[in-house]
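Scroll down for the structure; my scribbles are underneath it.
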Amino acid sequence: MKIGYPCLNRGIGCTANSTFRLANYSASRFLTTVQNNLSCLRDILRYNIDHGLLFLRISSDIIPFASHPVCTLNWRKTFNKELAGLGKLIRAHRMRISMHPDQFVLLNAQRQNIVDKSVRDLDWHCRFLDSMGMGDDAKVQIHIGGVYGDKPSAIDRFTRTYRRLPLFIRRRLVIENDDRLFTVRDCLDIHRTTGIPVLFDNFHHACHNDGESLRTALRQTACTWKTTDGPPMLDYSSQQPGARRGKHAESIDIDDFKEFLRASRGWDGDIMLEIKDKEQSALKAVELIRKAAAGSPRIRQ
DNA sequence: AGTTGTCAAGCTAGT
DNA sequence: ACTAGCTTGACAACT
């Protein structure tokens, strides 16, 4: 079981998701920004290796405006050496990588223009992972999209668009249940017709579900991942006390996490902690799991 | 130096 | 028909 945190490390003193305003775009600004982001990504990977955090989500800002028409530079060629080096480091330590394009990627949009832009965005995410030499277990996670007043049609549009995607995108794409529109059951329906793996988000499931228990949802989503996809990925979070329902916690609620681990016994996968203080909570989670492993008696063969 | 509004992109719910 | 909220970090313009 690998533990990770998304996109940025708050203590390391650099960010791998530095960007700029589109109005300020220039080739040199783009190149220095990407150079700095890749360099910081190496620092983050080093930190994670040293601290036993072997799961990382890389920010979509690593290559700013990568799918925008303004971006005509061949960044994969320019940074070929850096990207290959990062990939080598990741593979040497058997780290798991994910990416999560944001809410504007909508494969089931009604407007073709939006679908096209979304595919372009998935395209660069997958090429980025390809250029680091990542295997099929490095995933790009998205939500289903909008409902547009008719969920069956929205699901059908998703399915038809998915089937037309090139293989280098399909091999990486996974879908995640969201907190308002598409539940685990909806995602499983799409899995049945497409084979796409379902990434389970425990917090979204708590906000919006069809009555399944956590264990049932874990079991059902886990078996959507083929061997080549790697172990199932999972987004874990809990409610920030006193805040709006659906607001992610500032810091890990270690009792809630313990309870989650107990409830998920038998489930095996990699956990992404979607918690505001990032690596601090991830370190606590790793510590907890280490202690639990050390404290529990070895199972006799 | 610190604070506040804004940022490429879209959907939904509420007015 | 229109707008606020989503959810979020960082940029950029302003004190």
Side-chain angles (χ1 to χ4, degrees), chain A residues 5-26 28-30 32-34 36-37 40-41 44 56-73 98-125 140-155 157-158 161 175-183 186 201 203-204 206-208 235-240 242-251 272-281:
Chain A
Y5 60 94
C7 303
L8 56 101
N9 183 308
R10 287 180 130 43
I12 208 169
C14 69
T15 69
N17 55 341
S18 174
T19 182
F20 47 84
R21 294 296 151 86
L22 183 56
N24 299 332
Y25 177 90
S26 71
S28 71
R29 179 127 199 203
F30 174 82
T32 54
T33 303
V34 172
N36 289 336
N37 285 346
C40 182
L41 177 57
I44 292 175
L56 179 69
R57 181 184 300 166
I58 297 175
S59 167
S60 295
D61 280 333
I62 189 101
I63 314 287
F65 303 103
S67 66
H68 192 278
V70 80
C71 182
T72 53
L73 288 155
S98 69
M99 298 186 85
H100 192 345
D102 68 21
Q103 59 186 320
F104 304 109
V105 168
L106 296 157
L107 289 185
N108 74 349
Q110 293 180 304
R111 286 155 55 196
Q112 188 58 40
N113 176 36
I114 294 167
V115 178
D116 292 344
K117 277 199 269 189
S118 300
V119 174
R120 278 207 298 280
D121 216 47
L122 295 178
D123 185 285
W124 88 257
H125 281 87
V140 173
Q141 64 187 93
I142 57 169
H143 294 289
I144 308 306
V147 167
Y148 308 89
D150 179 356
K151 199 186 252 191
S153 298
I155 287 177
R157 276 198 309 281
F158 182 94
T161 303
I175 48 174
E176 177 192 349
N177 58 304
D178 68 69
D179 58 350
R180 292 157 41 243
L181 306 173
F182 293 93
T183 60
D186 296 324
D201 184 311
F203 188 36
H204 291 165
C207 295
H208 188 211
D235 282 354
Y236 169 85
S237 186
S238 59
Q239 173 69 38
Q240 169 65 22
R244 189 204 82 253
R245 184 180 137 88
K247 168 93 174 162
H248 289 232
E250 294 283 329
S251 183
M272 179 62 61
L273 298 170
E274 292 196 314
I275 297 178
K276 199 99 185 283
D277 67 3
K278 308 287 178 182
E279 83 282 358
Q280 291 309 314
S281 285

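Atom set for the values below is all heavy atoms of this structure, side chains included, hydrogens, waters and symmetry mates excluded. Here is how names work: the chains are called A, B, and so on, in the same order as the sequence lines, proteins then strands, and each is numbered from 1.
- Nucleotide dG5(C) holds its C1' atom 9 Å from the CZ atom of Arg180(A), rounded to whole Å.
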Practice task
Evaluate the side-chain hydrogen bond (donor to acceptor under 3.5 Å, both in side chains) criterion for residues Asp186(A) and Thr183(A): first the C-alpha distance (whole Å), next the side-chain angles of each, then the deciding distance (0.1 Å), finally the verdict.
Solution key: CA-CA 5 Å; Asp186(A) 296 324; Thr183(A) 60; 3.2 Å; yes
Could you run down the sub-3.5 Å N/O contacts of the protein with nucleotides 11-15 of chain C?
unit_1: dC11(C); atom_1: OP1; unit_2: Ser18(A); atom_2: OG; d: 3.0
unit_1: dC11(C); atom_1: O2; unit_2: Arg21(A); atom_2: NH2; d: 2.4
unit_1: dA12(C); atom_1: OP1; unit_2: Arg21(A); atom_2: N; d: 3.3
unit_1: dA12(C); atom_1: OP1; unit_2: Asn24(A); atom_2: ND2; d: 2.2
unit_1: dA12(C); atom_1: OP2; unit_2: Arg29(A); atom_2: NH2; d: 3.1

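- Of the candidates dG9(C), dT12(B), dT8(C), the closest approach to any side-chain atom of Lys247(A) belongs to dT8(C).
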Exercise for the section: List the steps and the verdict of ring-ring contact (aromatic ring centres under 6.0 Å, His included) for His248(A) and Phe203(A). Expected result: CA-CA 8 Å; His248(A) 289 232; Phe203(A) 188 36; 5.4 Å; yes
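- Residue Asp61(A) contributes atom CG, which lies 12 Å from atom C1' of dA9(B) at whole-angstrom precision.
- For the pair Lys276(A) NZ and dT8(C) C1', the computed distance is 8 Å after rounding to whole Å.
- With rounding to whole Å, His248(A) atom NE2 is found 15 Å from dG9(C) atom C1'.
- Distance check on atom P: dA13(C) versus dA8(B) gives 12 Å, rounded to whole Å.
- Summarising the geometry, the separation between CZ on Arg120(A) and P on dG10(B) is reported as 12 Å, rounded to the nearest angstrom.
- For His143(A) and His100(A), the ring centers sit closer than 6.0 Å to each other.
- With both ends at atom P, the span from dT3(C) to dT6(B) equals 15 Å, rounded to whole Å.
- With contacts defined as side-chain heavy-atom distances shorter than 4.5 Å, the pair Tyr5(A)/Gln280(A) does not qualify.
- Pairing for dT8(C) is absent, judged as Watson-Crick or G-U wobble with the two contacts each under 3.5 Å.
- dT8(C) and dG2(B): their P atoms are spaced 25 Å apart (whole Å).
- Rounded to whole Å, the C1' atom of dT3(B) lies 24 Å from the corresponding atom of dC6(C).
- Taking atom P on both dA9(B) and dA12(C), the two are 16 Å apart, rounded to the nearest angstrom.
- Residues Asp121(A) and Ser118(A) bring no donor and acceptor atom of their side chains to less than 3.5 Å of each other.
- By the criterion of a centre-to-centre distance under 5.5 Å and near-parallel planes under 30°, the ring of Phe104(A) forms no stack with the base of dG10(B).
- Leu22(A) places its CG atom 17 Å from the P atom of dT6(B), with the value rounded to the nearest Å.
- Within 4.0 Å (heavy atoms only), Tyr148(A) reaches sugar-phosphate atoms of the nucleic acid but no base atom.
- Within the nucleic acid shown, Asp178(A) has no heavy atom closer than 4.0 Å to any nucleic acid atom.
- Following rounding to the nearest Å, Asp102(A) (CG) and dA10(C) (P) show an atom-to-atom distance of 15 Å.
- Between Gln141(A) and Ser98(A), the closest side-chain pair of non-hydrogen atoms falls below 4.5 Å.
- Regarding Ile114(A), its CD1 atom lies at a distance of 11 Å from the P atom of dA9(B), rounded to whole Å.
- Judged by Watson-Crick or G-U wobble contacts below 3.5 Å, the nucleotide dA8(B) has no partner.
- The side chain of Arg111(A) lies closest to dG10(B), out of dT12(B), dG10(B), dA8(B).
- At distances below 3.5 Å, at least one donor-acceptor pair connects side-chain atoms of Asn37(A) with backbone N or O atoms of Ile62(A).
- Residues Arg180(A) and Cys207(A) form no side-chain contact, since every pair of their non-hydrogen atoms from C-beta on lies 4.5 Å or further apart.
- Within 4.0 Å (heavy atoms only), Val105(A) reaches no atom of the nucleic acid at all.
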